[in-house]
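Below is one structure, written out as structure tokens; comments come after it.
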Number of protein chains: 2
Amino acid sequence: MLDKTDMRILEELTNNSRITMKELGEKVHLTGQAASERVVKLENSGVIEGYTIDLNQTKLGYAIYAFITIFTQSANHQPYLSFIKSQEPYIIHNYKISGEGCYLLECRFPSNEALNDFLIALNEHANYKLSIVIDK
Amino acid sequence: MLDKTDMRILEELTNNSRITMKELGEKVHLTGQAASERVVKLENSGVIEGYTIDLNQTKLGYAIYAFITIFTQSANHQPYLSFIKSQEPYIIHNYKISGEGCYLLECRFPSNEALNDFLIALNEHANYKLSIVIDK
DNA sequence: CTATTTGACTTAATTAATGAAAGGATTTTA
DNA sequence: TAAAATCCTTTCATTAATTAAGTCAAATAG
């Protein structure tokens, strides 16, 4: 279903999703129009889910990047899930996992103080293990 | 340094990084040119690190999405890091962390068999805890 | 085996967006 | 008060995207 040209298109768009269709076409040896048609197909088939940006969290004021493994206290996860929804700017992803814990939280905080406050509030609903990202 | 308009621009670009500068301007009540100038500044200051796409890993042939906590066996991490570099398509991010383990691997595999082969090879360099993503 | 359909691409023409230059308005700085 | 800087707008030339029409080769049907 996806041929080599499609894969190269996905690679180029992963590196720079704002590239013009003309440039993209040149890179994969197609006209801009042909490249554009392929991209539309990749969108419609759901392979490309969206176009987004990579942000420097530190420069945005989020000095701390962390993963938190969640162990919910009760079998009912709703209180935890509602809590997470209320913590908007801090939460990047809440992965439901199998393995150790029930969820893996990818998140960010402006300061140790904000992280600490978050953990105190989190502890109302769940136990956790904290992993702070040092690099990459 | 970043005002409300900048934040709205980042929000819009996070939702759709291929939006035209004209449309982006309309959304934040600026002309296309003014919006474009702000975006250039956000790029130059390093707040925007790049433009990329969200891919459906399943439709790309990667049915399994996982996080693996790594416990390196020796104090020398080089063998592990070299191994990771050799596993190109499977590895999405290798986060160096403080907390439980030395690294947190975000990765994907086409099948349980590929995952199993990877884990066997990984075990030459490190112990691990596997968390498979079920949702989101 | 030939005719038709289909898919992927190109070319051409129109429409729209980008980029560069000039200038206005407001705030900062001296 | 004057000069400089910042942020924005307008205009226009350049460049890209979009739409429509048409080519070509491979697959499919009669």
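So that the names make sense, note that chain A is the first sequence line, chain B the second, and so on, each numbered from 1.
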Quiz item: Between C/dA8 and A/Lys41, is there an OP1 or OP2 to side-chain N/O distance shorter than 4.0 Å?
Solution: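 For A/Lys41, the contact criterion (side-chain N or O under 4.0 Å from OP1 or OP2 of C/dA8) is met.
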
Using whole Å, report how far [atom1] of [X] lies from [atom2] of [N].
X: B/Arg38; N: C/dG19; atom1: CZ; atom2: P; value: 18 Å
X: B/Asp6; N: D/dT6; atom1: CG; atom2: P; value: 15 Å
X: B/Lys4; N: D/dC7; atom1: NZ; atom2: P; value: 18 Å
X: A/Leu24; N: D/dT15; atom1: CG; atom2: P; value: 20 Å
X: A/Leu30; N: D/dT23; atom1: CG; atom2: C1'; value: 16 Å
X: A/Glu23; N: D/dA16; atom1: CD; atom2: P; value: 8 Å
X: B/Lys22; N: C/dT15; atom1: NZ; atom2: P; value: 14 Å
X: A/Gln33; N: D/dT15; atom1: CD; atom2: P; value: 17 Å

Among the candidates [options], find the nucleotide nearest to the side-chain atoms of [X].
X: A/Thr31; options: C/dT18, C/dC9, C/dT10; value: C/dT10
X: B/Thr20; options: C/dA17, C/dA8, D/dT9; value: C/dA17
X: A/Met21; options: D/dT18, D/dA17, D/dC7; value: D/dA17
X: A/Ala34; options: C/dT10, D/dC7, C/dG19; value: C/dT10
X: B/Glu37; options: D/dA17, D/dT9, C/dA17; value: D/dT9

Exercise. Answer yes or no: is there a donor N or O on one side and an acceptor on the other, between the side chain of A/Lys59 and the main chain of B/Ser45, under 3.5 Å?
Key: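 Between the backbone of B/Ser45 and the side chain of A/Lys59 there is a qualifying donor-acceptor contact (under 3.5 Å).
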
Exercise. Using atom types as modelled and distance alone, determine if a side-chain donor or acceptor of B/Thr14 lies under 3.5 Å from a backbone N or O of B/Leu10.
Key: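 Here the side-chain-to-backbone pair exists.
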
Self-check item: Contact nearer the 5' end of DNA chain C, comparing A/Ala35 with A/Arg18
Solution: A/Ala35

Exercise. Step through the shown structure and confirm whether more than 12 heavy atoms of other residues, nucleotides or ligands are within 6.0 Å of NZ on A/Lys85.
Key: no

Quiz item: Are B/Met7 and B/Val28 joined in one hydrophobic group, where the rule is that I, L, V, M, F, W and Y side chains link up if heavy atoms are under 4.5 Å apart?
Solution: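 Yes, one cluster joins them.
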
Quiz item: Which of parallel (below 30°), tilted (30 to 60°) and perpendicular (above 60°) describes B/Tyr90 and B/Phe118?
Solution: perpendicular

